[in-house]
*Asks:* 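Submitted below is the structure of interest, expressed as structure tokens.
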Amino acid sequence: MNSMESSPTFLAYGIFVLLFFSLTTLRWGKKIPGNGVWVIWLGILALLGGVGLDSGLFLEEAFRIKIWKMGWIWPKNEISAITVGLYQDALSLTMSALAALIAGVFLANQKGMSQKDYSERASAAVAISTAGVALAWSSLTPWLSFAGLVMTFVGGFIALVARCDTNLDANFAARFIWERSSGFLIAFFGTCILATSRSALLLNEFESWNIGSSSPFSTWIGFGLLVTGLFVQMQPIPLFGWVVSQSAIPSPLRVLLNQIFPSWAAFSLLIRIFPQLQKLGLFPGLGWVALVSAILIFFSGLFQKQWQLGLGSWLAGGFSLSCAFLAFAGPLASMSLMIGISLAALIISGGAMALDVSCKAIPTYQRRGSWIKSAIFLAGASGTGMIGFVSVAGGLRWIVSGMSLNGMAALFAFVFFIFVLLGWKLVWQIMEKRRFSDASWASILSLLGWFSLSTGVVWTGSVTSGVLSVHPDRMGPSLFDLFFGIHGIDFESNSDFLSASGLYWGVWVGAFLTAYWSTGRGEDRWLRLGISFPRTNQFIVSGYGVDDLVRKLAQLLYWVGDWAEAWVDQKIGCGLSNGFSTLIKVVSEKVNRFDLKLTALLEGVLRRLIEVPAKFLQLIHTGDIRWYLFFGLGSGLALISHFLKA
Amino acid sequence: MSHHLISLTILFPLLGTLFQSISSPARSRWIALVASFAASGCAILLVLSMQTQTADLQAVETFPWVGSYAISYDMAIDGLNALLVLLIAILFPVLIASEWNQKSGVRGLHGLFLILQTALFGAVCAQDLFLQFFFWGLSALPFYFLVGIWGGVGREKASFRCIVASSLGNSFIFAALILIYYSVDPHSFSLRDLSGGVLSGKVFDFLGHSLPISGVAFSLLSAGLALRAPIWPFQGWFTEVAQEAPSSVFVALAAGTVPVALYIFVKVCYLLFPQSLSYASNYIMAVGTVNLVMGGICAASQKGLRRLQAFVCLSEVGLILMGIGSLSSTGVVGAVYQQLILGLSLAGFGLFSGVISERTGHAIFLNQKGEKTLGGLATIAPSMSIVAGIVVASLLGFPGFSGFVGHALIIIGSYSIHPLSVVIAASALLLASFYLFTMYRCVFLGKPAENFEVFQDLTLREQACVFPIVCGLLFFGLYPKPLIELIRPTVLTLLSTVK
């Protein structure tokens with residue numbers, strides 16, 4: 001049930017307040033050192049309050065979806081209208097709440113997460129990104145969704161800049177923002193093309209996108225660019241090099257603001273336009289591209305020496321895989337993996353960071369270390385699709401979607417295998433670290449807080465995450481049902497259930513054991529393999545040489561730019577200028593010469609004309625001819641002429 | 001009341017010039033600033049008093065000037081020039097304030113800025129071709145002195161090239177004017193008399209050939225404005241001026257004169273040559289695309305802020321031309337809107353690059369070896385880095401910033417007419433994100449250069465200078481509706497003539 005609102009909802013006000021407070025802290029935070037986080041907290045509370053109030057109304061009013069829209073740049077009913085609006089359903093409320101909770105927990109434990117001095121800018125960055133995610137999921141139109149998307153990566157950029165004091169970090173930050181903004185611009189161009197022949201593009205109205213009735217070529221181009229731009233936000237191959245680059249930013253902050261939140265914002269639009277993409281037939285292509293991207297990124301992750309880079313690869317590959325899930329298994333599968341892997345990555349990065357800090361070897365710290373290791377282990381299980389966690393709902397659907405063809409099932413199983421393998425490889429790699437940690441109990445609790453959000457009960461209402469053919473374990477309502485209206489996995493028969501589940505768990509256990517065998521027994525066999533093939537290893541680890549290629553392309557661009565500028569300025573600009581100048585000089589010299597000759601000629605004629613009477617007058621003047629004689633002659637002539645006339 | 005606002009807007013800077021030239025340097029600064037503010041106040045009042053949803057000329061002031069030649073002092077404001085009036089109103093007080101500490105010849109500098117302000121206001125509001133040409137021609141002259149006297153080492157050559165290009169351009173425009181004037185009977189320079197396809201079908205004999213007056217005049221006018229806009233490949237003088245002129249002077253050129261040149265092109269061509277414009281629309285799109293791409297490629301190879309700014313301007317001019325050539329209401333409204341945004345963005349860019357140049361003695365961010373010569377300003381000068389960030393975001397068209405509105409409208413409007421151009425333009429804009437963020441990285445991020453420990457952030461005066469520009473970039477990005485409602489009816493009326 002949809003209803004049109006005359007004013008924005010509480011959630012919208014919450015987002016606005018959070019954004020306002022975050023910008024205030026960003027600008028004036030240094031004037032209240034150490035207290036900026038409280039201002040941000042107020043904003044987070046405002047957002048949570050908005051979500052809470054709207055959720056209450058949502059439940060009270062029997063899941064009534066609220067819509068609020070207004071024309072922004074062009075009248076909303078005309079072709080090419082650029083409108084903004086809010087679309088408040090269960091999905092937007094839940095994702096806003098999730099983003100706010102994650103950010104809240106992060107900020108509550110910011111010192112533990114960053115292991116560096118407290119920074120107001122980093123807090124502001126977290127808040128801006130959070131507001132961006134909430135806005136992206138709550139928007140009614142792609143235009144406002146873009147605003148949310150841009151806020152997420154601007155937040156990520158601010159976080160990077162806040163600690164950017166080396167040239168290496170500067171390059172990292174610039175690369176991050178350049179790639180994110182390129183993705184945004186591509187998606188923006190795509191949407192502009194779609195808007196060319198359509199009135200307001202509304203995410204809740206399938207018909208407003210006019211698939212089929214409008215120019216098919218433009219529709220394909222528009223959607224193609226839109227999806228490509230959004231996919232770029234998932235850090236796919238070839239724009240993945242920065243994920244495997246080192247930076248000074250603490251891993252949890254990097255994972256949250258540079259990887260998770262921008263991807264979530266992009267995902268919001270992909271999920272909303274899922275029916276349109278499905279009808280257009282764009283999905284198989286996107287799915288295969290995402291799959292190849294995921295495989296290559298996972299492989300690169302396996303050979304990473306540092307856990308931070310391996311984790312980044314796992315997350316980036318996981319987002320690509322989520323896109324593949326979306327294409328082949330639908331939005332539920334995709335979203336469950338996205339949420340599962342994001343929360344797991346946050347826990348792993350936070351936990352590993354805590355273990356990285358050296359401390360005294362005392363029993364208290366050992367106990368804390370054990371708790372952190374447990375959290376990391378559980379995060380591994382949660383992220384890789386262990387039963388009982390949200391990600392299993394996606395993983396199993398993924399395998400089921402490939403069961404129709406044997407080859408496809410094998411490929412899907414293989415991709416799932418390396419995904420799980422990399423996840424557990426990371427867990428084992430981190431577990432090999434020191435056993436002691438002086439992290440506060442608040443830090444440990446924050447990890448467990450995130451962990452609780454990744455359980456299947458929260459999302460599916462069932463203990464097993466709804467992966468059984470019937471649902472004996474259902475404990476409450478399922479959020480996924482509310483989002484997508486899908487009830488459980490659709491198995492045709494019991495044998496289908498058994499074969500799909502068998503394949504899934506077989507692959508999962510196989511990957512778990514392989515990870516343990518290769519990494520968990522003290523020696524990292526992947527690293528040893530890398531050392532045996534150093535050049536190949538370097539090629540894979542550095543992101544398949546894409547960076548070198550980009551560098552060469554950039555050099556080519558510089559050369560072309562220099563050449564064009566020099567050619568235009570020197571050949572055309574200066575050439576024209578010099579040509580004009582020469583022309584003017586030559587012409588003026590010729591004219592001058594002609595002028596001299598003409599002047600001389602005229603002077604001669606004039607001289608002659610003047611000289612004769614002048615000579616005569618001179619004769620009179622000098623007295624050679626007397627004036628009275630001249631007068632007499634004149635008078636005589638006058639008299640004669642008078643008498644002749646008479 | 002609004003009936004005299006245009007005249008006051010034009011008169012105040014002239015009076016300011018007069019008074020400040022006979023006062024002491026200390027007082028002259030204040031006189032110049034007050035005069036510029038007074039003119040800007042009138043201009044803003046004028047725009048605020050405008051009626052929306054109408055294409056009619058407003059605040060019309062007219063009386064005969066040179067009666068024997070039917071030249072009249074005819075001034076008015078409509079949806080097409082309102083934004084430029086606003087731009088000039090914001091720009092010039094900021095420029096005068098930014099040169100507050102100028103040591104040598106402050107009276108001359110401020111006086112020339114005031115003359116320029118008068119000239120640009122006049123060129124924008126004039127509804128008589130001769131009057132417009134008068135003000136437009138006047139606007140070229142101050143640059144010769146501003147660059148030649150206050151410029152860098154190569155100022156003489158730069159100012160000479162600038163005045164030659166301007167004069168050449170003006171001579172083309174004047175030729176077009178004469179052609180138009182004598183082609184109608186009774187002879188007239190009034191845009192109102194000449195509009196509505198009066199020139200269509202008229203021809204003149206030239207060496208035994210009949211040439212259409214409309215086509216020839218259109219070509220002459222376009223060529224004349226192309227030399228001042230700037231259009232690739234005739235931008236050599238422009239980049240040289242960017243290199244040599246003081247930052248504020250180049251801002252006046254790029255953010256003031258260039259949008260006005262584009263405005264004159266839109267106004268005169270849509271009113272007087274609708275048929276020629278319709279024929280040439282594909283060429284205009286092509287020229288715009290080439291400008292956008294070549295500007296982008298050349299910008300990518302720049303190592304200094306000033307030349308980068310010049311090529312950014314070139315690129316943005318290309319985008320605006322695409323909107324103008326689209327002949328669609330969305331595209332043309334976008335182009336008109338983007339003129340304002342281009343001016344504000346380039347003003348912001350010029351101001352922060354000027355401050356950097358003033359503090360460090362240069363505006364080069366990469367040396368010939370590709371090593372950074374600036375850097376780390378984000379930690380030393382956070383306010384400046386925020387301003388630069390806002391300018392970059394606006395130039396790239398991030399949502400919430402004013403560039404978004406113009407970019408979206410131009411792309412939407414142009415795609416249906418010329419899809420290929422838009423695809424190429426999209427690649428050029430992707431390139432823009434590359435070179436602008438490269439610049440940002442080299443200037444603001446990373447390890448600060450060794451001699452930058454004493455680098456000062458924006459002072460209160462400098463913050464006051466950039467404040468209106470930053471506010472404009474944000475406000476017009478978040479709430480473009482009033483301005484769009486102002487532009488749209490005029491554009492629709494103009495387009496109805498073309499179609």
Side-chain angles (χ1 to χ4, degrees), chain A residues 26-27 30 71-74 79-80 82 143-144 146-147 149-151 154 160-161 164-171 173-175 177-178 181-182 184-186 188-189 191-193 195-197 217-218 221 225 554 557-565 567-570 572-574 576-577 580, chain B residues 161 164 168 232-237 239-240 294 297-302 307 311 328 330 333 372 375-376 378-379 382 385-386 389 393 396-400 404-405 407-409 411-413 415-416 419 422-423 426 429-431 433-434 437-438 440-442 444-448 480-481 484:
Chain A
L26 183 67
R27 181 63 188 87
K30 276 196 172 174
W72 182 26
I73 297 178
W74 212 243
I79 296 289
S80 312
I82 296 180
W143 310 106
L144 199 59
F146 288 149
L149 174 66
V150 168
M151 278 160 63
V154 165
L160 289 173
V161 172
C164 198
D165 36 23
T166 66
N167 289 339
L168 195 73
D169 288 327
N171 291 345
R175 201 168 159 191
I177 189 79
W178 176 62
S181 58
S182 299
F184 153 71
L185 286 173
I186 294 170
F188 168 66
F189 294 138
T191 313
C192 284
I193 289 171
T196 303
S197 55
F217 181 70
S218 293
I221 295 272
L225 287 174
L557 188 70
Y558 295 148
W559 182 82
V560 173
D562 282 338
W563 178 82
E565 196 193 341
W567 189 78
V568 169
D569 265 10
Q570 286 167 15
I572 295 182
C574 288
L576 274 177
S577 190
F580 266 121
Chain B
R161 283 185 77 178
V164 167
L168 203 63
W232 194 86
F234 307 112
Q235 88 296 351
W237 68 272
T239 49
E240 192 156 349
M294 290 314 297
I297 291 174
C298 291
S301 66
Q302 294 310 312
R307 288 178 86 87
F311 283 110
S328 69
T330 323
V333 169
K372 279 168 58 172
T379 45
S385 67
I386 289 173
L396 288 175
F398 279 9
F404 179 82
V405 182
H407 285 199
L409 290 175
I411 290 169
I412 292 172
Y415 180 80
S416 53
V422 171
V423 172
L429 286 173
L430 285 181
L431 199 60
S433 75
F434 171 75
F437 283 123
T438 303
Y440 198 87
R441 170 178 65 88
C442 293
F444 294 99
L445 308 182
K447 197 178 166 189
K481 203 175 168 186
I484 299 280

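For the numbers below, each heavy atom of this structure counts, side chains included, while hydrogens, waters and symmetry mates do not. Protein chains get the first letters and strands the later ones, always in sequence-line order, with residue 1 at the start of each. As the structure is a prediction and not an experimental result, all values here were calculated from the model.
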*Asks:* Is it the side chain or the backbone of A:F146 that comes within 4.5 Å of chain B heavy atoms, both, or neither?
*Replies:*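 For A:F146, the contact with chain B is made by backbone and side chain together.
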*Asks:* I'd like to verify something: which residue of B:R307, B:R441, B:Q302 has the highest number of heavy-atom pairs under 4.5 Å with chain A?
*Replies:*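 The residue among B:R307, B:R441, B:Q302 with the greatest pair count is B:R441.
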*Asks:* With rounding to the nearest 0.5 angstrom, report the CD1 to CG distance, B:I297 to A:L557.
*Replies:*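 B:I297 CD1 to A:L557 CG: 6.5 Å, rounded to 0.5 Å.
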*Asks:* Check whether B:L430 gets within reach of chain A through its side chain, its backbone, both or neither, counting any heavy atom under 4.5 Å.
*Replies:*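 For B:L430, heavy atoms of backbone and side chain both lie under 4.5 Å from chain A.
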*Asks:* Most heavy-atom pairs under 4.5 angstrom with chain A, which of B:G400, B:G413, B:G236, B:S433?
*Replies:*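 Among B:G400, B:G413, B:G236, B:S433, the one with the most close pairs to chain A is B:S433.
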*Asks:* In terms of heavy-atom proximity below 4.5 Å to chain A, should B:V423 be classed as side chain, backbone, both, or neither?
*Replies:*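 For B:V423, no heavy atom lies under 4.5 Å from chain A.
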*Asks:* Do you know which of B:Y440, B:W237, B:F437 has the most heavy-atom pairs under 4.5 Å to chain A?
*Replies:*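 Most pairs with chain A among the choices: B:F437.
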*Asks:* What pairs with A:R175 under salt bridge (charged side-chain N to carboxylate O under 4.0 Å, His left out), at least two apart in sequence or on another chain?
*Replies:*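 Only A:E179, A:D547 meet the salt bridge (charged side-chain N to carboxylate O under 4.0 Å, His left out) criterion with A:R175.
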*Asks:* To the nearest 0.5 Å, how far apart are CH2 in A:W178 and CG in A:L185?
*Replies:*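 Here the rounded value is 11.0 Å.
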*Asks:* Contact part of A:V560 toward chain B, heavy-atom cut-off under 4.5 Å: side chain, backbone, both or neither?
*Replies:*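 Backbone plus side chain of A:V560, per the 4.5 Å heavy-atom cut-off to chain B.
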*Asks:* Measuring heavy-atom distances to chain A, does B:F234 have an atom under 4.5 Å in its side chain, in its backbone, in both, or in neither?
*Replies:*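 The side chain, not the backbone.
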*Asks:* In chain order, what residues pass the side chain to side chain contact (heavy atoms under 4.5 Å, CB included) check against A:I73, with sequence neighbours excluded?
*Replies:*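 Applying side chain to side chain contact (heavy atoms under 4.5 Å, CB included) to A:I73 gives A:I82, B:F404, B:V405, B:L409, B:P480, B:I484.
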*Asks:* Examine whether an atom of A:W72 lies under 4.5 Å from a heavy atom of chain B, and if so say whether it belongs to the side chain, the backbone or both; otherwise answer neither.
*Replies:*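 Contact with chain B involves both backbone and side-chain atoms of A:W72.
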*Asks:* Does any heavy atom of chain B fall under 4.5 Å from the side chain of A:S218, the backbone, both, or neither of them?
*Replies:*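 Both backbone and side chain of A:S218 come within 4.5 Å of chain B.
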*Asks:* What verdict does the ring pair (Phe, Tyr, Trp, His ring centres under 6.0 Å) test give for B:Y415 and A:F189, after you've listed the backbone C-alpha separation in whole Å, the side-chain angles of each residue and the deciding distance to 0.1 Å?
*Replies:* CA-CA 10 Å; B:Y415 180 80; A:F189 294 138; over 10 Å; no
*Asks:* Is there side-chain contact between B:F434 and A:S181, with at least one heavy-atom pair below 4.5 Å?
*Replies:*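 No - every pair of side-chain heavy atoms lies 4.5 Å or more apart.
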*Asks:* Under a 4.5 Å heavy-atom cut-off, does chain A meet the side chain of B:T239, its backbone, both or neither?
*Replies:*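 For B:T239, side-chain heavy atoms alone lie under 4.5 Å from chain A.
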*Asks:* Roughly how far apart are B:C298 SG and B:L431 CG, rounded to 0.5 Å?
*Replies:*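 If I round to the nearest 0.5 Å, the distance is 10.0 Å.
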*Asks:* Are any non-hydrogen side-chain atoms of A:F184 and B:P399 less than 4.5 angstrom apart?
*Replies:*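 Touching, per the 4.5 Å side-chain cut-off.
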